[in-house]
Every structure is written in structure tokens, then in C-alpha cells.
Enquirer: 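One structure is given below, represented as C-alpha cells, and several questions about it will come after.
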Amino acid sequence: MENKHVYRLQGLSCANCAAKFEKNVKSIATVKDAEVNFGAAKLTVIGEASIAELEKAGAFDGITVIPETERKEQKAEPFWKKKTNVIAMISALFLLAGYVAAYTIGERHIATILLFTASIIIGGYHLLKTGINNLVRLQFDMNTLMTIAVIGAACIGEWKEGAVVVFLFAVSEALERYSMDTARRSIQRLMDIAPKKAIVLRDGKEYEVDVEDIVVGDTIIVKPGQKIAMDGIVLRGESSVNEAAITGESMPVAKTIGDEVYAGTLNAEGALEVRVTKRVEDTTIAKIIHLVEEAQAQRAPAQQFIDRFARYYTPAIMLIAFLLAIVPPLWLGGEWLTWIYRGLTVLVVGCPCALVISTPVAIVTAIGQATRQGVLIKGGAYLEEIGKLSAIAFDKTGTLTTGTPEVTDIYPFGGLDEKEVLKIAAAIEKQSEHPLASAILRKAEELQISFDSLQVSEFRAMTGKGAAACVNGTMYYIGKPSLFSDASIGEDVRAQITRAQKQGHTVMLLGDETKVLGMIAVSDQLRENAAFVLETLRNLGITQTIMLTGDHETTARAIASSLPLTDIRAELLPEEKLTAIQMLQQQSGRIAMVGDGVNDAPALAAANIGIAMGDIGTDVALETADVVLMGDDLGKLPYAIRLGRKTMRIIQQNIAIAFLLKVLALVLIIPGWLTLWMAIFADMGATLLVLLNSMRLLRLGAVSK
């Protein structure tokens with residue numbers, strides 16, 4: 001088994017720093033492999049390394065390493081107290097003093113130069129150290145560009161410009177760190193949902209213990225107003241539980257003996273005793289956190305393009321700056337100092353900060369926001385893909401319908417009334433575990449029909465047909481019409497069967513050995529918001545909505561009659577659903593498949609996006625699909641599509657902002673209209689615009705009916 005350790009990182013400031021830190025950790029002799037998740041600020045190490053060794057590997061960026069197992073809450077340090085920000089403020093004070101000196105005793109006075117130099121050294125120590133190391137190793141990134149620009153400015157006597165560049169670069173980096181921290185808080189909020197301790201009942205006594213010390217089979221006590229610490233089954237008590245932390249649905253869910261409860265959900269009113277069924281690292285909330293972190297680490301195609309582009313972009317900027325600095329003086333008679341200054345300005349303008357963060361900050365923000373709304377999206381690629389959909393295929397059972405059959409009609413024959421038919425049927429079906437039997441028992445309970453007084457014996461199940469039992473001395477049969485002989489089914493019964501089946505109902509007959517005594521019609525019920533969701537999707541521009549089901553054609557069309565679907569394909573085996581998805585892809589391009597994550601696995605895998613109706617705690621749904629609608633809420637689907645589209649628009653806007661401001665600044669450099677400090681201010685402005693634009697994703701909320 002691999003020796004795997006997971007750590008949380010504080011102070012990880014940029015994507016380039018994450019890559020460098022990962023490389024440094026991998027170079028530790030006792031480490032076999034390492035991976036840094038920049039979006040989640042998380043380090044995974046295969047092998048052995050001490051905290052001191054890991055922090056030494058990240059010393060260039062002031063990275064603090066905290067073991068994942070230390071669940072103590074990490075309080076966010078105030079922005080103005082962070083070490084890097086304090087240094088920037090001290091640098092700003094020397095810069096301000098330098099400006100005062102420049103106006104009083106002159107820019108070329110030794111005291112003025114010393115003040116600007118102090119500002120550069122204090123504020124830019126970390127930058128210059130990293131940049132010089134990169135230059136020695138021929139590694140080119142934004143630190144390298146800034147270092148050359150600052151040193152170059154000092155060499156040509158532009159001390160004030162160099163100091164302003166250092167200060168504004170520090171401000172830009174602080175804004176970038178702040179934005180990534182804001183985006184990462186979605187994960188931190190998830191991590192803070194579940195309590196760190198719980199009250200455990202052992203040998204009749206209550207003990208408060210850390211959740212890591214709770215084992216499967218322990219009983220925990222959850223008092224009113226407390227959060228549930230572990231996944232489990234209710235042993236005693238009744239209450240309503242708010243599961244909004246996981247599903248995004250604010251309506252509380254009633255819980256009683258035998259019901260499942262989940263870590264991080266809020267117990268509202270009654271005390272509960274819960275038998276723990278999962279270890280802390282296996283709880284539903286723990287799995288969601290892991291999946292969100294993995295999703296935020298995955299690069300969308302747009303981000304992959306930017307990453308590839310950035311490899312060539314930085315060297316290209318350095319070449320352009322070099323040519324601008326030497327070509328005009330050598331061949332066009334230009335002033336050396338003037339054109340060197342403009343070349344340095346190109347380096348500052350070329351800093352790729354805004355471009356590099358244009359995609360990841362939007363992806364991290366969107367995935368975190370989606371999780372809070374009850375939609376689990378497993379990566380930037382899927383977020384981008386869902387925004388491009390033009391067609392969606394739906395499974396019927398459990399997707400467009402509730403997946404729970406309900407008794408809709410009872411027809412008595414042969415002298416019995418409806419209650420008597422249901423009473424005998426329930427007495428027989430109490431012995432069965434079939435879903436249709438459960439529907440009959442639920443109906444009897446709803447109508448408060450008691451059948452305990454009936455004597456039931458000789459029960460036997462007839463696979464694929466129904467069941468039989470002796471009730472109060474008479475043998476009764478219940479099941480499909482084919483269970484009964486043609487002679488025992490009269491014309492009136494047969495007509496009723498035909499009508500019910502055309503309406504999409506499943507028919508069960510009840511009878512004795514000579515005649516049919518009653519008919520029970522059962523059907524799967526449409527989700528309340530199914531029609532609203534499909535109509536909303538059509539308004540969003542989804543041109544095709546298709547039902548794919550294994551049910552009989554008549555049943556499928558009856559269910560679909562009240563839904564705005566564009567196509568219905570019934571009586572499909574799982575492999576035929578797969579073929580249907582492949583054909584629809586050829587016709588429509590991109591298509592999503594919405595299913596329950598189990599029976600529809602082949603079709604979910606074949607579709608461009610597999611979307612699972614994920615009842616919380618359903619491991620299969622969490623593992624198989626690209627997108628999971630938590631809490632089985634179909635109403636989250638239009639939200640996911642709107643989020644995908646808005647994210648892609650924002651990424652495109654971010655890239656456009658970053659590029660256009662760079663191009664504009666480069667154009668202004670040639671005639672000398674742009675100074676060094678204006679260049680860094682333009683870069684900082686682009687970064688700030690990209691961050692603020694990405695934060696707009698936090699305003700998109702789910703709307704369901």
C-alpha cells in the first residue's frame with residue numbers, strides 16, 4: 001500500500017508557485033511522488049517528508065504546510081496582518097518618503113535614491129530573489145520579467161519608477177491571493193460543515209470524542225439544534241433534519257427509526273440516537289469535498305490552451321522587449337536610455353498575471369458555488385461541456401418520474417367494495433418485498449385500513465407473475481392478468497384493464513380460484529417539477545429533449561403525454577440506450593444523458609455529459625457521473641446549464657480583458673506614452689477586472705419549482 005499523506009497549504013499565491021513547489025517537493029529524496037492542487041490549496045505526497053522539509057521546499061513563497069489529519073479550525077488571518085501585506089505597507093511608506101524627498105531635495109539626491117532603494121529592497125526582496133534564481137536557471141515567468149524590469153530601471157537611474165513597480169506588483173499579487181482565497185472558501189465551508197467532535201454512547205455513558213476516534217457501529221447522540229457528526233442510521237427518536245448543506249434544499253426532511261442521516265446536516269427539533277455506518281473519511285460530505293477538490297484541480301480546455309500559450313508567451317515578451325531596447329538605438333538612431341526604458345516597460349506590460357488566472361479563478365468559483373446549490377460538477381471540462389449542450393436525453397424511471405410506484409385506482413368486482421379489495425391485497429402483499437407490494441401497503445396505510453385481524457397462511461411468490469396466500473381460509477391470487485384464466489376475466493374486467501394500460505398504469509388483479517374480485521392500477525408518478533424543468537430547458541435553447549426508457553411503448557407515451565418532450569424511445573435494453581445516445585450524438589452534436597447512475601451506466605458514459613440523479617449517500621451516482629444533482633432534484637439541471645454557459649462567457653471575457661489591455665498598453669509604449677508605473681498599474685487593473693468579473697458567478701442562484 002502506498003505511503004500517502006495529504007496536507008493543506010496556506011500562503012500558496014499563484015499557479016506558477018504551485019508548480020515550483022510541487023517540483024521542489026518531488027526533489028526530496030524520500031518522496032516518491034507529489035501533486036499540488038492549486039485550486040484547493042492541497043498537497044498530496046507519496047513517500048515520507050517532514051513538515052520542516054515541505055515548508056523548506058515552499059520557503060520561496062512563504063508556504064505553510066498543515067497535515068490533513070489536524071482538523072483544528074484554521075482561522076483566517078486579517079488581510080492587513082499577513083506578513084507579505086505588512087511588508088508591502090512598509091515598502092509603501094519608504095516609497096511615499098521617497099516622493100516627499102524627490103519634491104523637496106530632488107530626485108537625484110542620495111537620500112532620495114536611498115529611500116527608493118529601501119522601498120525596492122523591502123518590498124521586492126522576495127520577488128528579486130526568485131527572479132534572479134530563475135534567471136540563473138533560465139526559467140522565465142512573471143517574477144523573471146519583473147526582476148529584469150526593476151533592475152533595469154535602477155541601472156538607468158529610474159529609481160522612483162522601479163520602486164513604484166515593486167509596490168504595485170506587491171498589491172497585484174495580494175489581490176490575486178485574496179481572490180483565490182475567496183474562491184477556495186467554498187471548500188473550507190464544506191470542511192467546516194461537519195462537527196469535529198460528537199457525543200458517543202458507550203456502556204451506557206456519554207463521552208465527547210473526536211470524530212476520528214469514532215468507529216462504525218458506535219452510537220452517537222444528536223441533540224436538537226446540533227449538527228450530525230457522522231453518517232448513520234437512526235436507532236431512536238424522531239426529528240426533522242435540514243440537509244441544505246449537502247443538497248442545497250432548505251426544506252427539512254423528516255427522520256425516524258431506520259432512516260439514514262448524513263454528517264454535516266442539522267438536527268432541528270428532536271433528540272436522535274444514530275448508529276454510525278461510515279468512518280469519518282468515508283462520509284458523504286467527505287466524498288463530496290474530495291470530488292470538489294479534484295474537480296477544481298482539473299483544467300478546462302480553455303485553461304489548457306492558456307497554460308500552453310503561457311509557455312511561449314513569456315519568452316516572446318522578453319524577445320520583443322530586447323528587440324525594442326536595441327533595434328532603434330542601433331539602426332534608427334534612437335536614444336539608448338529612452339528605448340531601454342520602453343523595453344523595460346514592455347516587460348512590465350507583458351506580465352501574464354491576469355491571463356494566467358483568467359480561467360482557474362472562474363472555474364474554482366463556479367464549482368464551489370454549484371456545490372453550495374446542490375450540484376456536484378466533477379471538473380472544469382464538464383463545466384465547459386455542459387454549457388455547450390443542445391440536446392438532453394432522460395431516463396424515465398427515477399428521473400422524470402419519482403421511481404416509486406403508487407396505487408392510483410381500485411376497481412372492485414364480484415360483490416366486494418374498494419376497501420375490502422385493498423384489505424385482502426395488503427394482507428397478502430405484506431409477505432412480499434416487491435415494489436408493487438410496497439405501493440399497496442402504502443395505500444392501505446394512507447386510507448387507515450387495518451388487515452392485522454386477517455389470518456394469512458400458505459403464502460407463495462410466483463416470480464414474474466404475482467403472489468398467492470390463504471386469507472381466512474380462502475385462497476386468493478394477486479398479480480398480472482396472465483396469472484388468471486381467460487374464463488375468470490369477464491368482458492367488463494378486460495375493458496377496464498385495456499383502459500388502464502392505455503393510460504400508462506400497471507394492472508394487478510385480485511381473485512380467488514374461480515373469479516376476479518378486483519383490479520388495482522399502479523403507476524410511477526411524474527416528478528412535480530418535470531414539466532417545468534423541460535419547459536425551462538426549451539427556453540434556454542435546448543432543442544431536443546428525449547425520453548429513453550425500457551418501459552412498454554403505451555406506458556411511456558402515457559407518462560410523456562403531459563411533458564414537452566421532442567422524442568420518445570421505449571422498450572430499450574441498456575445496450576439499446578447506448579446505441580440511441582450514439583445516434584443522437586451524430587444528429588445533434590453534444591448531448592447529455594440524465595439517469596439514476598446505476599441502470600443507465602453505459603448511456604451515461606457514452607454521452608458528452610453524464611448527469612446522475614444523486615440521492616444523497618448514493619455512492620454509485622457520486623462515482624459514475626460527470627455531474628450529480630444532489631437530493632434527486634431535477635430542478636437543479638437548468639441551473640447547471642446556466643452556470644456552465646455563464647462560466648464560459650466569463651472566461652472568454654477574462655481572456656479578452658487580459659489580451660486587449662496588453663495590446664493597448666503595448667501600442668502606447670512605442671510613442672512613449674506609457675511609463676513603467678502606468679504599465680504595472682494597467683496589469684494590476686487587468687488582474688482586478690478578471691477577479692471581479694469571476695466573482696459575478698457567486699450571484700447566480702438556483703431556481704426550481
Enquirer: Is a salt bridge present between Arg590 and Glu385, judged by a nitrogen-to-oxygen distance below 4.0 Å?
Expert: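 Yes, this pair counts.
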Enquirer: Under a 4.0 Å N-O cut-off, is there an ion pair linking Arg275 with Asp218?
Expert: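 Salt bridge: no.
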Enquirer: For residues Ala263 and Ala229, report the shortest heavy-atom separation together with the two atoms involved.
Expert: CB-O, 3.4 Å
Enquirer: For side-chain hydrogen bond (donor to acceptor under 3.5 Å, both in side chains), just list the numbers for Ser523 and Gln525, CA-CA rounded to whole Å, side-chain angles, deciding distance to a tenth of an Å, and then say yes or no.
Expert: CA-CA 6 Å; Ser523 70; Gln525 301 298 298; 2.9 Å; yes
Enquirer: For Val276 versus Lys278, what's the shortest heavy-atom pair and its separation?
Expert: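 Minimum heavy-atom contact is CG1-O, 3.3 Å.
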Enquirer: Donor-acceptor pairs under 3.5 angstrom involving side-chain atoms of residues 414-428: please list them, not counting sequence neighbours.
Expert:
{"from": "Asp417", "atom 1": "OD1", "to": "Lys419", "atom 2": "N", "distance (Å)": "3.3"}
{"from": "Asp417", "atom 1": "OD1", "to": "Glu420", "atom 2": "N", "distance (Å)": "2.8"}
{"from": "Glu420", "atom 1": "OE1", "to": "Asp417", "atom 2": "N", "distance (Å)": "3.0"}

Enquirer: With sequence neighbours excluded, give me every side chain to side chain donor-acceptor pair (under 3.5 Å) pair touching residues 491-502.
Expert: Gln496-Arg499
Enquirer: For the atom pair CD1 (Ile641) and OH (Tyr639), what is the distance rounded to the nearest 0.5 Å?
Expert: 12.5 Å
Enquirer: Closest heavy-atom contact between Ile568 and Ala560?
Expert: CD1-CB, 3.3 Å
Enquirer: Looking only at non-hydrogen atoms, find the nearest pair between Ile386 and Gly644 and report the distance.
Expert: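 So the two residues come closest at CG2-CA, 3.9 Å.
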Enquirer: Which heavy atom in Arg236 sits nearest to a heavy atom in Ile257, and how many Å separate them?
Expert: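 Distance-wise, the nearest heavy atoms are CA-CG1, 4.1 Å.
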Enquirer: Indicate the atoms forming the closest heavy-atom contact of Ala500 with Val507, along with that distance.
Expert: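 The answer is CB-CG2, 3.8 Å.
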Enquirer: For residues 439-453, which side-chain N or O atoms pair as donor and acceptor with protein atoms under 3.5 Å away, sequence neighbours left out?
Expert:
{"from": "Arg442", "atom 1": "NH2", "to": "Pro405", "atom 2": "O", "distance (Å)": "2.6"}

Enquirer: Once you round to the nearest 0.5 Å, how far does OG1 of Thr402 lie from CG of Leu526?
Expert: 8.5 Å
Enquirer: Does Arg569, at its CZ atom, have more than 12 non-hydrogen atoms belonging to other residues, nucleotides or ligands within less than 6.0 Å?
Expert: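 Buried by this count: over 12 neighbours within 6.0 Å.
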Enquirer: What distance separates Tyr476 OH from Asp512 CG, expressed to the nearest 0.5 Å?
Expert: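 Between Tyr476 OH and Asp512 CG, I get 6.5 Å after rounding to 0.5 Å.
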Enquirer: Quick one: CD on Gln587 to CD on Gln544, what's the gap to the nearest 0.5 Å?
Expert: 6.5 Å
Enquirer: Just so I know, are the side chains of Thr401 and Arg527 near enough to count as touching, which here means a heavy-atom distance under 4.5 Å?
Expert: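 No, side chains not in contact.
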Enquirer: Quick one: pull up CG in Leu454 and CG in Asn472 and give me the separation to the nearest 0.5 Å.
Expert: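 Going from the CG atom of Leu454 to the CG atom of Asn472 covers 5.0 Å.
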Enquirer: Just verifying a value: how many Å separate Leu400 CG and Leu634 CG, rounded to the nearest 0.5 Å?
Expert: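 Between Leu400 CG and Leu634 CG, I get 6.5 Å after rounding to 0.5 Å.
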